Amino acid sequence: MARHVDVLIIGAGLSGIGMACHLVREKTGRSYAILERRAAIGGTWDLFRYPGIRSDSDMYTFGYGFRPWNGTKVLADGAAIRQYIADTAAEHGVQDHIRFGRKVTEASWSSERGIWTVTAVADGGDTEVYTCDFLVGCTGYYDYDKGYRPHFPGEENFPGPIVHPQHWPEDLDYRDKRVVVIGSGATAITLIPAMSDQAAHVTMLQRSPTYITSLPAEDPVAVGLKMARVPAAIAYRSGRARNIAIQRASFEFSRRNPSLMRRVLLGAVRAQVGAGIDMRHFSPRYNPWDQRLCIVPNGDLFKELRSGRASIVTDRIEEFTETGIRLASGEQLPADIIISATGLTVQMLGGVQLVVDGVPVTTRDLVLYKGTLLGGVPNMLFVLGYTNASWTLKADLAAQYFCRVLNHMRSHGYSTVVAVPEDDDRSPGSVMGDELNSGYIQRGDAVMPRQGTRGPWRVVNSYFRDRKQLRRDAIEDGVLRFGRRAADVLPEAESRSA
Ligand SMILES: Cc1cc2nc3c(=O)[nH]c(=O)nc-3n(C[C@H](O)[C@H](O)[C@H](O)COP(=O)(O)OP(=O)(O)OC[C@H]3O[C@@H](n4cnc5c(N)ncnc54)[C@H](O)[C@@H]3O)c2cc1C
């Protein structure tokens, strides 16, 4: 595989594979390679192996726009998603372009040469150097090496395993064991029903509740269309359009009518958990969609709680003890195994150090142009999907936009592109701060790009507005500056009139 390519993608997860497929499908004619630190395709869906791992987005919108998801399940399990990504790669001939076991550590742009020089460390420890015209970060948004796990007082006294779901031991035997899962997010909510059939008992211990909503495990419309033998591509397109609209409507309705939405969501939970369970455990202190909504298929979590095989406790941890966890209320939770489903450590660009013309660049100081190009960094695109909708919806749009820019550059003979912000285009808040206030997003403030104040610098997190901006709006808008290799970057006025 060549050490110089037109486009170098970092990461072979959902976004990196999608990006490569778009490069092929949209006939950009550019050579490309993917550097992937792991040994397999799939990213998140290869890394996370805890029991029950599944999407919490519906698969019509979590699947790629260009390749139907043929299942009828609303949420899919990790293995099925991994397979879908791998099959998509195979169908587009992407595998042969991936170099596995390469962790990118630094990427350095030279305006003089008009190229990126990328340093990667191979599994064996050797350093490899690649060059490319365009760099694309598809590294996700968290640190692969360590999940977020606070230190718990007295944890050294607890004799059993303390497991983080990001590093699930293959041989963890929880049969007939008392398990306490700390957390209230999608992972905790998935783990409870997945473990409670074998464990002696599973307790979900949360500091504060999350909004949970139940959806049918099988999409009745998808099942109907399949039975009626409607072609997969048509069924997928219509299901996807329907779900995008429902998702957005539910998000916007929550923003406009938070107390009504809260009543609807809590009413549905009350109907499922029954009278025996205290609704305090399901009544968050925040408004719907201030944090991501958790989805349970066919109310699986509620069923386990009703059966008594699992229970839910809302309290603070005082300390770990030799027999479990002592809570602030004085209650003692007995445990043989403790799962710390406490989340992710947010990281941008997979820890890659960016350097532009010899000056190190920090993602926290940057703003995103149209939510995709890193402001002030030439020839570089960064894929950051939605957190208030399916990640893939944005990843697809970002890839389509990138292909449009590449094709535009080819037809005008440009070789460099950079979006240059003005000083007051940047706000002090993080790019996701306006949308969600989950713990990991607050912790991520230290590394995430800043939110823009206006125009193309403002990340809107709305599929419909992004679709217009990325698929239809003119490429040349006076903010993007194009150049022809190296020193002759066009002045702004010239690029406007080009
Ligand atoms: C448990 C879990 C469940 C989720 N469920 C959903 C969901 O239902 N819906 C949703 O929209 N989102 C969900 N997400 C968010 C999820 O990460 C995205 O949906 C999506 O998988 C991101 O794809 P990606 O390719 O951008 O990033 P990742 O899946 O994170 O892939 C990044 C890839 O880049 C590689 N990489 C990183 N750094 C480097 C480096 N320095 N050098 C080389 N390679 C590198 C990684 O090894 C990995 O293969 C979930 C996240 C988690 C953790």
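No experiment lies behind these values; they were computed from the predicted model shown. Starting from 1, each residue takes its place in the sequence as its number. Both counts, for ligands and for their atoms, begin at 1 and track the order of listing.
Contacts between Val352 and ligand 1, counted as non-hydrogen atom pairs separated by less than 4.0 Å, involve the side chain only. Contacts of Arg292 with ligand 1, taken as heavy-atom pairs under 4.0 Å, involve the side chain alone. When heavy-atom distances to ligand 1 are checked against a 4.0 Å cut-off, Pro165 has no atom that comes that close, whether in backbone or side chain.
Under the 6.0 Å cut-off for aromatic ring centres, Tyr142 and Tyr148 do not qualify, their centroids lying 6.0 Å or more apart. Trp69 and Tyr60 have their aromatic ring centers separated by at least 6.0 angstrom.
Ligand 1 has a nitrogen or oxygen under 3.5 angstrom from a nitrogen or oxygen of Leu14. For ligand 1, the polar-atom distance check against Arg54 finds no nitrogen or oxygen pair separated by under 3.5 Å. For ligand 1, the polar-atom distance check against Arg37 finds a nitrogen or oxygen pair separated by under 3.5 Å. Among the atoms of Tyr50, none of the N or O lies under 3.5 angstrom from an N or O of ligand 1. Below 3.5 Å of separation, one finds an N or O of Asp56 facing an N or O of ligand 1.
The atoms of ligand 1 that sit less than 4.0 Å from any heavy atom of Arg102 are 42 (N), 43 (C). Set against the non-hydrogen atoms of Gly43, the atoms of ligand 1 under 4.0 Å away are 29 (O), 31 (O), 48 (C), 49 (O). Counting the atoms of ligand 1 from 1 in the order shown, those under 4.0 Å from a heavy atom of Cys138 are 32 (C), 33 (C), 34 (O). Close approach to Arg38 involves these atoms of ligand 1, each under 4.0 Å from a residue heavy atom: 47 (O). Short contacts between ligand 1 and Ser55, defined as distances under 4.0 Å to a heavy atom of the residue, involve ligand atoms 8 (O). Those atoms of ligand 1 that come under 4.0 Å of a heavy atom in Leu35, given as number and element, are 43 (C), 44 (N). Set against the non-hydrogen atoms of Ile10, the atoms of ligand 1 under 4.0 Å away are 40 (C), 42 (N), 43 (C), 44 (N). Taking every non-hydrogen atom of Gly11 and a distance limit under 4.0 Å, the qualifying atoms of ligand 1 come out as 33 (C), 34 (O), 35 (C).
The main-chain N or O of Phe152 is found under 3.5 Å from a side-chain atom of Glu155 such that the two form a donor-acceptor pair. Although no hydrogens or angles enter the test, the distance criterion places no donor-acceptor pair under 3.5 Å between the side chain of Thr203 and the main chain of Leu205. Not a single donor-acceptor pair under 3.5 Å links the side chain of Arg37 to the backbone N or O of Leu35. At distances below 3.5 Å, not a single donor-acceptor pair connects side-chain atoms of Trp109 with backbone N or O atoms of Leu354. In this structure a side-chain-to-backbone donor-acceptor pair under 3.5 Å is missing from Ser184 to Thr210. Between the Thr61 side chain and the Ser390 main chain, no donor and acceptor come within less than 3.5 Å of each other.
The closest side-chain heavy-atom distance from His92 to Ile17 is not below 4.5 Å.
A donor-acceptor contact under 3.5 angstrom links the side chains of Ser57 and Arg292, judged on distance only. A side-chain N or O of Thr342 and one of Ser340 form a donor-acceptor pair less than 3.5 Å apart. For the residue pair Asp219 and Thr72, no side-chain donor N or O sits within less than 3.5 Å of a side-chain acceptor on the partner.
Trp45 CH2, 3.6 Å is the protein heavy atom nearest to atom 3 (C) of ligand 1. Counting protein heavy atoms only, atom 9 (N) of ligand 1 is closest to Ser57 OG, 2.6 Å. Ranking protein heavy atoms by distance to atom 46 (C) of ligand 1, first place goes to Glu36 OE2, 3.5 Å. The protein heavy-atom contact nearest to atom 14 (N) of ligand 1 is Tyr141 OH, 4.3 Å.
Considering only non-hydrogen atoms, atom 41 (N) of ligand 1 lies nearest to Val104 out of Thr392, Val104, Leu344, Thr44. For atom 24 (P) of ligand 1, the choice among Ser15, Gly13, Gly350 with the nearest heavy atom turns out to be Ser15. Taking each of Ala395, Gly385, Gly140 in turn, the one with a heavy atom nearest to atom 27 (O) of ligand 1 proves to be Gly140. When Phe100, Phe62, Tyr144 are ranked by how near their heavy atoms come to atom 13 (C) of ligand 1, first place goes to Phe62. The residue among Trp391, Tyr142, Tyr386, Phe48 with a heavy atom at the shortest distance from atom 20 (C) of ligand 1 is Trp391.
Heavy atoms of Gln166 stay at 4.0 angstrom or farther from ligand 1. Heavy atoms of Ser390 come nearer than 4.0 angstrom to ligand 1 in at least one pair. Distances from ligand 1 to the non-hydrogen atoms of Met59 include no value under 4.0 Å.
Across Glu26 and Cys403, no two heavy atoms sit closer than the pair OE1-CB, 3.4 Å. Residues Arg38 and Asp46 share a closest heavy-atom pair of NH2-OD2, 2.9 Å.
Ring geometry, His97 versus Tyr32: the interplanar angle falls under 30°, so the pair is classed parallel (tilted spans 30 to 60°).
Separation of atoms CD (Gln166) and CG (Leu47) is listed at 5.0 Å; rounding is to 0.5 Å.
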